[in-house]
Amino acid sequence: MAKDKKRVFFCQNCGYESGKWMGQCPACKEWNTFVEEVVRTKSAGGRPAGRGTSGSPVRPVAIRDIGSEQRQRLSSGFEELDRVLGGGIVRGSLTLIGGDPGIGKSTLLLQVCGILASGGRSVLYISGEESPEQIRMRALRIGEQTGDLKLLCETNLDEIEAVLTREKPQVAVIDSVQTMYRDDISSAPGSVSQVREAAAAFMQLAKGFEISIFLVGHVTKEGVVAGPRVLEHMVDTVLYFEGDRHASYRVLRGVKNRFGSTNEIGVFEMQDVGLVEVKNPSAYMLAGKPAGASGSVVACSVEGTRPMLAEVQALVCRSNFGIPRRTAVGTDINRVNLLMAVVEKRLGISLSDCDAYINIAGGIRMNEPAMDLAIVLAVLSSQKDLAVDDKTVVFGEVGLAGEVRAVSMAKQRVLEAGKLGFTRCLLPSVCVDGVGKPDGMELVGISGVQDLARLFA
Ligand code: TYD
Ligand code: MG
């Protein structure tokens, strides 16, 4: 074997590197995941000499001399995607979009490419998974004006590098990074070495020629981008496209973003003409809420900078077993257990012989502590079988002493509730002053869970 190559073993699950084979990965504790791969020791992932990114000698620069125009943003045509990206597609950025197979990654990116191309941008869509005919069929289905959109069906990295270097499009999509391979690496496409090599090569191309590159990455059943976690460290932005296979909504969530906040989410709906933005997710989440039912409470959670209403449902019923069941869908089960314990201890209500099921209807996961108060109220409402007024919105964090603590952006939450026709808001007492006096909204300050129990008295 050539001197500049060495053999190492990689965990195919998390990318852990080892000089020898191991049965269990010390990092992710998975069994039987080590595979031998050949890596190049010299400039792993680097470009051959003479293909430097700019040709100029390497020299540090003063930070004040760096022009801000270097980070110009391009609108993707989707407000939801732009927001998750932190205000549009950054020139020369490398973005990874992960998600389950069939969730709509290719569809979303093809739509974005179509919009950009019809706006006069040069766009190259590189697919290693589908034939040009398949992609064309999809493009026709989503009825996008595909303009000058160029397609390339190729999986060889050297070829792709050559094409990108020659064409220098403004935006390129690689669908998917797991199908790309370099000839002189002996391991199979999708293995840690290959994916890492591909990501490094695309990073160089993105920075060198100011191409905004989107990488599509498949996700394993554990919910990480298949095999290489390493990929997440290398790229500028990591987005996950998630959603229930059986429902039509899709949520695009930022996990890492070098150019913006990571808390933002974008909501889409998969229709027969492709993905359509959901500009008002609150209305969408509340559609079908039962009127006058016990155990149903509308909560307000903030995702990134956007307040969003959602219905919290609780069903508390007598348990037939020794150990009561606790189930949570769309929120954290540990948090639910904690809140149930607070209710038992602070309100003296026995729940130890009751099963409890909590559901955030609509299907978007909400883990914000501000949901606590709504969960507690829903549990009480179901336990007492008394409905909460339909025009009430609830938010606030609940502590172990039963106290209701302040949450951020109280005013925006109240305004969002007002927009959707709600007239009463239960919120932490400490937040009431900060909210002011919004028109047509009654504010009820809650300082502890005891105040909630009084609502039903
Ligand atoms: P796709 O973009 O191929 O998923 P990924 O690239 O993430 O694997 O998504 C395809 C799915 O979306 C497929 O199950 C069919 C569905 N779909 C629609 O419902 N409407 C459409 O207009 C299109 C193009 C796809
Ligand atoms: Mg696809």
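Both counts, for ligands and for their atoms, begin at 1 and track the order of listing.
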Look only at the side chain of [X] and the backbone of [Y], and say whether a donor-acceptor pair between them is shorter than 3.5 Å.
{"X": "Ser118", "Y": "Gly114", "answer": "yes"}
{"X": "Arg73", "Y": "Gly86", "answer": "yes"}
{"X": "Thr423", "Y": "Met441", "answer": "no"}

(message) Do the side chains of Glu242 and Arg253 get close enough for a salt bridge, i.e. N-O under 4.0 angstrom?
(response) yes
(message) Please determine whether a side-chain nitrogen of the Lys or Arg among Lys207 and Asp236 lies less than 4.0 Å from a carboxylate oxygen of the Asp or Glu.
(response) yes
(request) Check whether any protein heavy atom sits under 4.0 Å from atom 18 (C) of ligand 1. (result) yes
(request) Could you tell me whether Leu110 approaches ligand 1 through its side chain, its backbone, both or neither, with non-hydrogen atoms closer than 4.0 Å? (result) neither
(request) Tell me which part of Arg138 gets within contact of ligand 1: side chain, backbone, both or neither, using heavy atoms under 4.0 Å. (result) side chain
(request) Could you say whether the N/O atoms of Lys105 and ligand 1 ever approach to under 3.5 Å? (result) yes
(message) Under 6.0 Å from the ring centre and within 45 degrees of the ring axis: does the NZ or CZ of Lys105 meet both conditions for the six-membered ring of Phe241?
(response) no
(request) For Met366 and Ile360, work out which heavy atoms get closest and say how close. (result) SD-CG2, 4.3 Å
(request) From the options Gln111, Glu130, Glu133, select the one residue that forms a side-chain hydrogen bond (donor to acceptor under 3.5 Å, both in side chains) with Arg138. (result) Glu130
(request) Indicate if the distance from the Mg ion (ligand 2) to the nearest N, O or S atom of Ser106 falls below 2.8 Å. (result) yes
(message) Between ligand 1 and Gln271, can you find any atom pair, the residue atom being a heavy atom, that is separated by under 4.0 Å?
(response) yes
(message) Could you check whether any heavy atom of Gly102 sits closer than 4.0 Å to an atom of ligand 1, since that is the contact criterion I want to use?
(response) yes
(message) Out of Thr107, Asp100, Asp272, who is nearest to atom 25 (C) of ligand 1 when you count heavy atoms only?
(response) Thr107
(request) Identify which of Arg141, Glu130, Gln111 has a heavy atom lying nearest to atom 23 (C) of ligand 1. (result) Arg141
Which residue supplies the protein heavy atom nearest to [atom], what is that atom called, and how far is it?
{"atom": "atom 12 (O) of ligand 1", "answer": "Met270 CE, 3.1 Å"}
{"atom": "atom 6 (O) of ligand 1", "answer": "Ser106 OG, 2.5 Å"}
{"atom": "atom 4 (O) of ligand 1", "answer": "Gly104 N, 3.1 Å"}
{"atom": "atom 22 (O) of ligand 1", "answer": "Gly274 N, 2.8 Å"}

(message) List ligand 1 atoms under 4.0 Å from Pro101, heavy atoms only on the residue side.
(response) 8 (O)
(message) Between Val255 and Leu239, is there a side-chain heavy-atom distance shorter than 4.5 Å?
(response) no
